[in-house]
Amino acid sequence: MHHELPCWNRYGQHNKFIKMKNLYVPEFVEIDKVVKETKDIITMGFRHPMRALPGQFIEVSLLGIGEAPFGVASYREGYIEFTVRNVGNLTRALQSRKKGDKIGVRGPFGNGFPMTDFVNNDLIIIGGGTGVAPVRSVIIYAEKHRNQFGEVHLFFGFRSPEEFLYKKDLENWKRKFQFNITIDKPHRGWKGNVGFLNQLVEKSRLNNTRKIVIICGPPIMIEVCAASLQKLGFNNDQIFVSLERLMQCGLGKCGHCMINDKYVCRDGPVFRYDKTINLKD
Amino acid sequence: MSGYILKKEDFGKFIESLKEEYEIFAPVKKKTYFVFGKVDSAEEIAFEFINTEYSPTNLFFPKKEVLFDYNNTKINNKKEDITRVIFGIRPCDVHALIIMDTLFLEANFEDTYYRKKRENTLLISLKCNSAGENCFCESMGTDKLERGYDLMFCEQGGSYVVDIGSQRGQKLINELFKSTDEECIKELHCNKKLDMQKVNQLEQFAEHEGWKKESEACLSCAACTITCPTCGCFDVVDVPNLNMAAGKRLRVNTSCQLKNFSEVAGGHVFRETRDKRFKHRIYHKLVYFKKQFDTFMCVGCGRCITNCPAGIDMVSIINSLK
């Protein structure tokens, strides 16, 4: 038998290292802006020609501290924004970085939401806490392609008014879309909705005709919201969710984001909800 | 097919001839077990092994590997070009590399580090004379090897019958080798047999209570994954110098058997209970990888069984699923 390995087939002789893109090496960019959202959450922006689709993620590095995945929170040519909550070493260190400082970036990774498949549907966009970050890119996409979609219903849940993200955007979206927001517990001076997101969704009495639902948030929130939608007559194949795992390489190699036969980094992070039902750890 | 024959007395000279161009890795004896190590002469090479404690696939995805050095934002990932020969790699471990090629060399997601090592390394496989007590390569179909090697050695009396597997292998053939029509066939018989019918039905057993029961003995020590020739999961870790400006980014082997493997920001662990981690390894090897790449991620080398301090035997667990 005289089989050769695919690697030698493709590049001919061995021993000649063919220069190719090393997918593990970050590229350095200058932070263009830092917005303080809440006491422990910031949003950073940088210029970069990468084209990120709504729902994709990037890997952000501070050399010496580490690297972690962040959902892209923007949809804009030549510009990327991402939101960071202070939960660990890297995210804490990022809080102190300022405009002009350098960060390493890789990506974008993942599939993103299949926005072109959603054309001519109403969009119901549900985001809880920092789960609002990835759906922000979807909302901006919908704003930019307003005539492609019907009604846009937004449902946001935060712990309290102090935890609200993207306050300027919220004001803007309030005017443009069907806007719903709730906080977990009563709060002084808050006259709006109190309670969990799924209750708000149920109260809306939306029907499932020509509608696509996008949910981002903690696993339990996705579960209860999907259950509420089912009560309203929605099918699981109308619902798209973005799953969270700690993607370390983004290339389907390191194994951390594996759920059954799916790599969240490559096959996801966006999954149609009916296809996640059997994705049990 | 005509092959070559190399007399055992010429083996030392053959190794010497390789040394001019290559670093040589081969099985060496360490007290009570065997591992692959760098050798300078044929005398250092052990032949009486069934298989090595650790897998030679570690030479392609090491337990610890520098991805790059950095100094502020300057990145250096240039590495020396070292050409190597691995002598004595068993057919099952060559199969392990063929399997890992599908993962690491996948189009668009190619792992540069793996590719470079793969391209710079020649494999001289050595057929097994007999099977070990935990070998079940016969069940996995990995006892036979038809591709993936550069040369294949097969011990026959006072000589080795050598089969050429690639053009690179052909170039290693020198005047020490004589052509021959002799064939060297070793029929291996493994006592351990994995019930492949059960393996193909594994998905139906996903919620089986047996996983909980069987995993009670598991210590989550990761001996199974660290010795497995197809376990390549890793953490990406930065090791800075004291001044913080310069340092290295490494990838370090990790294991799905460890609790923090599936931990995300904020501390949530997706596979928190031992039975979930226990099942994940077996299902990744025999179900998930098969779905992704249409091949099993197990070569039946039995290292996970041999090295388990709790005596957990994946084969008998699967065989007894009802």
Side-chain angles (χ1 to χ4, degrees), chain A residues 1-8 10-11 13-18 20-28 59 61-69 85 87-88 90-91 102-104 130 218-219 244-246 248-263 266-267 278 280-281, chain B residues 1 67-68 70 72-73 75 77 81 83 98 101 103-106 109-113 115-116 118-120 122 146-148 163-168 206 232-238 240 244-245 247 249 251 254 256 261-266 268 270-271 276 280 283-284 287-289 291-292:
Chain A
M1 296 287 170
H2 292 263
H3 294 276
E4 298 278 347
L5 276 159
C7 47
W8 297 314
R10 239 196 288 168
Y11 294 111
Q13 279 192 316
H14 88 105
N15 245 347
K16 265 190 201 152
F17 183 51
I18 282 77
M20 66 182 84
K21 199 170 157 54
N22 183 330
L23 300 168
Y24 293 95
V25 174
E27 202 181 311
F28 288 88
E59 292 277 349
S61 278
L62 289 177
L63 292 178
I65 297 165
E67 192 179 45
R85 180 196 284 275
V87 285
L90 177 76
T91 50
K102 286 200 169 162
I103 53 171
T130 39
E244 187 198 5
R245 295 281 154 144
L246 184 59
Q248 294 209 8
C249 68
L251 309 167
K253 309 279 183 269
C254 77
H256 286 275
C257 71
M258 205 175 180
I259 319 176
N260 292 7
D261 60 328
K262 299 283 183 276
Y263 288 107
R266 253 183 25 190
D267 303 312
N278 290 325
K280 280 190 200 144
D281 282 290
Chain B
M1 189 186 356
L67 293 176
F68 52 79
Y70 62 84
N72 288 313
T73 55
I75 285 186
N77 63 337
D81 252 327
T83 48
I98 295 171
D101 285 348
L103 179 74
F104 280 120
L105 302 179
E106 196 189 0
F109 296 100
E110 200 172 271
D111 190 293
T112 342
Y113 304 92
R115 169 180 286 284
K116 192 173 179 188
R118 206 70 175 88
E119 286 178 337
N120 288 352
L122 274 78
E146 293 179 333
R147 66 188 176 96
D163 182 31
I164 315 289
S166 72
Q167 288 171 12
R168 306 199 303 172
C233 288
F234 57 85
D235 283 330
V236 177
V237 182
D238 284 4
M244 285 299 281
R249 175 163 289 177
R251 60 169 154 196
T254 183
C256 58
F261 185 77
S262 62
E263 187 177 330
V264 293
H268 182 73
F270 283 94
R271 283 186 285 276
K276 282 186 177 173
H280 182 77
Y283 273 57
H284 189 193
V287 182
Y288 307 152
F289 198 83
K291 276 188 172 180
Q292 291 171 319

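We name chains A, B, ... by the order of the sequence lines, and we start the count at 1 in each one.
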Does any N or O in the side chain of B:Y70 come within less than 3.5 Å of the main-chain N or O of A:G64, such that one atom is a donor and the other an acceptor?
yes
Side chain to side chain, A:Q248 and B:D235, heavy atoms closer than 4.5 Å
yes
Within 6.0 Å of NZ in B:K276, more than 12 heavy atoms from elsewhere
yes
Residue pair B:E106, A:L251: steps toward the side-chain contact (heavy atoms from CB on, under 4.5 Å) verdict
CA-CA 10 Å; B:E106 196 189 0; A:L251 309 167; over 6 Å; no
Portion of B:I75 that has a non-hydrogen atom of chain A nearer than 4.5 angstrom:
side chain
If we define contacts as heavy-atom pairs under 4.5 Å, which of A:L23, A:T91, A:L62 has the most with chain B?
A:L23
Could you state the interatomic distance from CZ (B:F270) to SG (A:C257), rounded to the nearest 0.5 Å?
11.0 Å
Turns out that what part of A:K253 lies under 4.5 Å from chain B's heavy atoms comes down to both
Test item: B:H284 side-chain N/O and A:D261 main-chain N/O as donor-acceptor pair under 3.5 Å:
no
For A:V87 against B:A265, the heavy-atom pair lying closest together
CG2-CB, 3.7 Å
A:Y24 and B:R251 side chains, donor-acceptor separation under 3.5 Å
yes
Taking only residues two or more places apart in sequence, or in another chain, which ones meet B:F104 in a ring pair (Phe, Tyr, Trp, His ring centres under 6.0 Å)?
B:F61, B:Y114
A:P219, part contacting chain B, at a heavy-atom distance under 4.5 Å
side chain
Compare all side-chain heavy atoms of A:I65 with those of B:M244 and state whether any distance is below 4.5 angstrom.
yes
Please name all residues satisfying side-chain hydrogen bond (donor to acceptor under 3.5 Å, both in side chains) with B:Y283, sequence neighbours left out, ordered by chain then number.
none
Report yes if the side chains of A:E67 and B:R249 come closer than 4.5 Å at any heavy-atom pair, otherwise no.
yes
Heavy-atom pair count under 4.5 Å with chain A, highest-scoring of B:N72, B:V236, B:D111, B:T73:
B:T73
Does B:C233 reach the side chain of A:M258, with side-chain heavy atoms less than 4.5 Å apart?
no
Nearest 0.5 Å please: distance from the CG atom of A:N22 over to the CZ atom of B:F68.
8.5 Å
Kindly give the heavy-atom pair with the smallest separation between B:V264 and A:L246, and that separation in Å.
CG1-N, 3.4 Å
If you round to the nearest 0.5 Å, how far is NZ of A:K262 from CD of B:Q292?
7.5 Å
Under 6.0 Å from the six-membered ring centre of B:F109 and within 45° of its axis: does the NZ or CZ of A:R266 meet both?
yes
